[in-house]
Amino acid sequence: MSTVDTSTELRVEHLLNSVKQLSTVELDEFTKKLAEWQQQQENIVDENVDPDASDDEILAFIKKNTRLPEKENRRYWELRGKSDDETLTDAELPEYQELVRKLTILNTKRLEGIAILVHRWEKPAEEIIAKFGLKAGNDVL
């Protein structure tokens with residue numbers, strides 16, 4: 001049997017009540033931005049490395065999945081600092097968790113690409129990472 005976190009349920013209800021108060025124009029804008037955000041999320045999750053791709057394509061895939069976009073990267077570091085200092089607010093926690101989730105996906109994809117090259121080239125991961133500068137841009141690994 002699945003359970004729903006009461007705080008999540010309350011946040012969703014609060015968001016829904018806020019959306020209901022939007023004008024038609026604002027609702028259209030909100031809907032458009034939500035759809036764009038959902039598409040971005042799907043693009044992050046759906047993209048996979050092709051193990052049969054060329055070395056250059058795999059290297060490009062790895063580099064693409066090395067760091068968050070600049071704005072999100074800055075925000076991640078800001079929130080990470082607050083988390084380390086134990087000053088992260090309840091309102092900031094979901095945003096921080098989402099950025100950590102994105103980083104986890106990026107790092108997993110990056111490491112999948114590196115693993116293909118390790119297998120293909122029969123070289124240690126450290127050597128490949130150093131040779132091509134493939135260290136994570138967020139220094140979270």
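In this text, all values refer to a predicted model and were calculated from it rather than measured experimentally.
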Can you label the angle between the Tyr76 ring and the Tyr96 ring as parallel, tilted or perpendicular, going by 30° and 60°?
-> parallel
What distance do Leu103 atom CG and Asn73 atom CG have between them, rounded to the nearest 0.5 Å?
-> 7.5 Å
Is the count of non-hydrogen atoms from other residues, nucleotides or ligands lying under 6.0 Å from Glu122 atom CD greater than 12?
-> no
Do Phe61 and Asn48 have side-chain heavy atoms sitting under 4.5 Å apart?
-> no
Do Ile105 and Lys109 come within less than 4.5 Å of each other through their side chains, counting heavy atoms only?
-> yes
What distance separates Thr87 OG1 from Glu92 CD, expressed to the nearest 0.5 Å?
-> 7.5 Å
Please examine the side chains of Asn65 and Glu112, heavy atoms only from C-beta on, and report whether any two atoms are closer than 4.5 Å.
-> no
Is there a donor-acceptor pair closer than 3.5 Å between any side-chain N or O of Ser83 and the backbone N or O of Leu79?
-> no
Closest non-hydrogen contact found for Pro94 with Ala91 is CD-O, 3.5 Å
State the CG-CZ distance between Asp52 and Arg120, to the nearest 0.5 angstrom.
-> 7.5 Å
State, with a plain yes or no, whether a side-chain heavy atom of Leu27 is found less than 4.5 Å away from one of Val19.
-> yes
ring-ring contact (aromatic ring centres under 6.0 Å, His included) involving Phe30 - partner list, sequence neighbours excluded | none
Is the closest basic N to carboxylate O distance between Arg101 and Glu98 below 4.0 Å?
-> yes
Near Asp85 CG, under 6.0 Å, is it more than 12 heavy atoms from other residues, nucleotides or ligands?
-> yes
How many angstroms lie between atom CG of Leu16 and atom CD of Glu13, to the nearest 0.5 angstrom?
-> 5.5 Å
Less than 4.0 Å between a side-chain N and a carboxylate O, is that true for Arg75 and Glu78?
-> yes
Just by modelled atom types, is the Pro124 backbone N or O under 3.5 Å from a matching donor or acceptor in the Glu127 side chain?
-> no
Is any side-chain N of the basic residue among Glu29 and Lys33 closer than 4.0 Å to the acidic one's carboxylate O?
-> yes
Quick one: does Ile62's side chain get under 4.5 Å of Leu117's, heavy atoms only?
-> yes
Taking the side chain as every heavy atom from C-beta outward, state whether Leu111 and Ile114 have any atom pair closer than 4.5 Å.
-> yes
Contact summary for Thr108 and Thr104, nearest pair of heavy atoms = OG1-O, 2.7 Å
CH2 on Trp77 to CG on Leu99, rounded to 0.5 Å = 12.0 Å
